[in-house]
2 protein chains.
Amino acid sequence: MIRQNIKIAVDAVVFGYKDKALNVLLIKRDIEPFKDSWALPGGLVLEDESLEQAVERELKEETNVTVDYMEQLYSFGKPNRDPRNRVVSVTYFALVKPEHHDIKADTDAKDVAWFDVQDLPDLTFDHKTILEKAKGRLRSKLTYEPIGFDLLDDKFLFSDLEKLYMTILEKQIDRRNFRKKILSFNILEELDEKVSEGRGRPANLFKFNKKQYFKHQKEGFLFDIK
Amino acid sequence: MIRQNIKIAVDAVVFGYKDKALNVLLIKRDIEPFKDSWALPGGLVLEDESLEQAVERELKEETNVTVDYMEQLYSFGKPNRDPRNRVVSVTYFALVKPEHHDIKADTDAKDVAWFDVQDLPDLTFDHKTILEKAKGRLRSKLTYEPIGFDLLDDKFLFSDLEKLYMTILEKQIDRRNFRKKILSFNILEELDEKVSEGRGRPANLFKFNKKQYFKHQKEGFLFDIK
DNA sequence: ACAAAAGTGTTCTCCCTACACCCATGG
DNA sequence: CCATGGGTGTAGGGAGAACACTTTTGT
């Protein structure tokens with residue numbers, strides 16, 4: 001077998017919807033290179049763990065977050081993306097409900113924070129590229145899978161869902177058509193709770209019924225929002 | 001930096017459309033482990049080449065094929081997928097026009113051949129899983145990007161395009177609606193050449209106009225076949 | 001009473017679908 | 001002249017898009 005000294009790492013782009021904006025979880029590095037710079041959470045894969053286990057471990061260690069939804073994003077392997085050795089990074093795309101998690105810096109991280117994707121600090125390595133790829137994945141996935149609910153609280157307002165779609169897809173959405181469309185899928189439960197957001201008419205809370213979704217999906221139903 | 005001895009490889013799933021069927025390019029291994037078994041072309045990445053260069057080099061070495069279309073598929077990294085060392089494989093999805101290539105076994109390969117995906121030999125490692133993933137990507141991609149043309153000869157019959165879609169999507173397609181739809185995209189040139197396939201009325205040849213496609217795409221046009 | 005946000009229905013257009021007959025050639 | 005595959009049009013239904021007024025609450 002030929003000699004090869006390439007390291008393999010994992011990095012995670014963790015999105016959360018917070019303060020009516022799309023946020024991403026970043027850590028402030030506590031080790032060289034790029035100590036004190038902001039970066040995506042991640043690190044080298046251990047000999048006997050799977051890639052998924054590696055991401056989950058690194059996320060837990062560096063940020064104290066456990067994700068609700070995760071999938072592989074893309075692998076980055078240009079020879080000089082890391083100044084030390086050559087490192088190939090398998091990146092993951094994850095969604096969490098920020099209010100469910102107490103973020104906390106620990107191993108290798110000096111700080112952790114949510115950043116509005118519209119207002120990001122400089123990122124190390126090629127992490128900006130990775131983040132852009134993840135944004136693209138989120139945008140397209142939002143239209144054909146009900147992953148928006150993994151970003152919202154369990155109980156949410158219809159207007160929140162609508163704002164989430166408008167924020168991420170970066171376009172205006174007609175309230176009536178959107179509501180009609182989503183309700184026609186029969187994957188939401190309308191709760192008997194109302195919430196008043198300070199002013200205006202109180203709004204009804206909704207809940208995503210994942211079981212219903214899987215059931216409809218098995219019967220050939222396709223989630224699809226333009 | 002922690003000790004880590006994981007190797008990184010690339011593997012390619014190369015599809016070609018041949019004899020009215022979807023084919024995949026396989027090699028018969030000439031080295032252990034699994035010498036003499038059929039596998040996807042691929043191998044370890046060299047220190048100073050990018051992942052894409054690695055795939056292209058391995059493909060050239062093992063099969064003599066240069067691809068027309070290639071994109072990253074997925075990375076596989078379970079700890080025991082290779083019996084020797086731990087190997088993480090970044091896999092690629094590629095399309096070629098089989099009639100443009102003279103396949104030829106060379107380095108590490110004792111034989112190369114096209115196999116109808118409906119009639120495959122046993123594959124080594126987790127290559128069956130990789131192939132399934134690639135089939136899924138091909139199916140979905142075919143519906144929202146004009147990649148079918150990368151599988152057909154430059155000049156092709158409408159009926160070939162139609163058969164290709166029916167074969168890969170595994171469903172019947174209405175000839176009139178399909179033709180109407182594709183033609184409405186204005187991305188085909190109808191040539192003044194007719195071809196007689198033995199019997200029946202001679203058919204017109206068509207050519208995919210990539211420039212037109214890119215132009216329309218820039219103007220917001222979306223390729224979309226149900 | 002007014003400001004703010006929630007909730008709701010109809011019409012029009014366009015695209016998808018279903019469907020059947022004639023045409024050009026070779027044998 | 002017959003068998004084989006190529007080429008074409010139309011009508012009906014359904015889904016998306018556009019669009020504005022009423023309701024409920026807090027102040």
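Below, chain A is the first sequence line, B the second, and so on; all start at residue 1. The figures here come from the full heavy-atom set of this structure, side chains too, leaving out hydrogens, waters and symmetry mates. Computed from a prediction, not measured in an experiment: that's the story for all the values here.
- A sub-4.0 Å separation between OP1 or OP2 of D:dT8 and a side-chain N or O of B:Arg179 is present.
- In this structure, B:Asp160 atom CG and D:dG7 atom C1' are separated by 16 Å, rounded to whole Å.
- In this structure, the CD atom of A:Glu190 is 10 Å from the C1' atom of C:dG7, given to the nearest Å.
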Can you check nucleotides 24-27 of chain C for protein contacts, nitrogen or oxygen pairs under 3.5 Å, and list what you find?
unit_1, atom_1, unit_2, atom_2, d
C:dA24, N3, B:Arg201, N, 3.4
C:dG26, O3', B:Gly198, O, 3.4

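- At whole-Å resolution of the value, CZ in A:Phe178 and P in C:dT8 are 15 Å apart.
- Distance CZ (B:Phe185) to C1' (C:dC16): 12 Å, rounded to an integer number of Å.
- Atom NZ in B:Lys180 sits about 14 Å away from atom P in C:dC19, given to the nearest Å.
- A donor-acceptor pair under 3.5 Å is absent between the side-chain atoms of B:Tyr165 and the main chain of B:Gln172, judged by distance alone.
- Atom CG in B:Leu183 sits roughly 11 Å away from atom C1' in D:dG7 (whole-Å rounding).
- If you measure from atom CG of A:Leu161 to atom P of C:dG7, you get 13 Å, rounded to the nearest angstrom.
- Of the candidates D:dT8, C:dA6, D:dG6, D:dG6 carries the atom nearest the B:Ser159 side chain, counting heavy atoms from C-beta on.
- Residues in residues 58-69 of chain A take part in these salt bridge (Lys or Arg N to Asp or Glu O under 4.0 Å) pairs, two or more places apart or across chains: A:Arg57-A:Glu61.
- Each of B:Arg175 and B:Lys181 was assigned the nucleotide of DNA chain C with the nearest heavy atom; the assignment lying further toward the 5' end belongs to B:Lys181.
- Interface residues of residues 212-226 of chain A facing DNA chain C, ordered by number: none; criterion, heavy-atom separation under 4.0 Å.
- Here the straight-line distance linking atom CG of A:Leu40 with atom CG of A:Leu25 works out to 9.0 Å at 0.5 Å rounding.
- A residue-by-residue look at B:Asn177 and B:Lys163 shows that B:Lys163 has its nearest nucleotide of DNA chain D further toward the 5' end.
- Listed by first and then second residue, the salt bridge (Lys or Arg N to Asp or Glu O under 4.0 Å) pairs involving residues 131-147 of chain B are B:Glu71-B:Arg137, B:Glu71-B:Lys141, B:Glu132-B:Lys135, B:Lys141-B:Glu145 (not counting sequence neighbours).
- Taking the six-membered ring where tryptophan is involved, the planes of A:Phe223 and A:Phe185 are tilted, since the angle between them lies from 30° to 60°.
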Please set out all donor-acceptor pairs under 3.5 angstrom arising from side-chain atoms of residues 147-164 of chain B, sequence neighbours excluded.
unit_1, atom_1, unit_2, atom_2, d
B:Asp153, OD1, B:His100, NE2, 3.3
B:Lys155, NZ, B:Glu193, OE2, 2.7
B:Asp160, OD1, B:Lys20, NZ, 3.0

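- Put simply, the side chain of B:Lys28 does not reach to within 4.5 Å of the side chain of B:Ser37, judged on heavy atoms.
- Partners of A:Tyr17 by ring-ring contact (aromatic ring centres under 6.0 Å, His included), not counting sequence neighbours: none found.
- Looking at the side chain of B:Asp174, the nearest of the listed nucleotides D:dT8, C:dG7, C:dC19 is C:dC19.
- Per the geometry, CD belonging to B:Glu162 stands 13 Å off P belonging to D:dT8, to the nearest Å.
- Aromatic ring pairs are classed by plane angle as parallel below 30°, tilted from 30° to 60° and perpendicular above 60°; the pair A:Phe93 and A:Phe15 is perpendicular.
- No hydrogens or angles were tested; on distance alone, a donor-acceptor pair under 3.5 Å links the side chain of A:Arg176 to the base of D:dA20.
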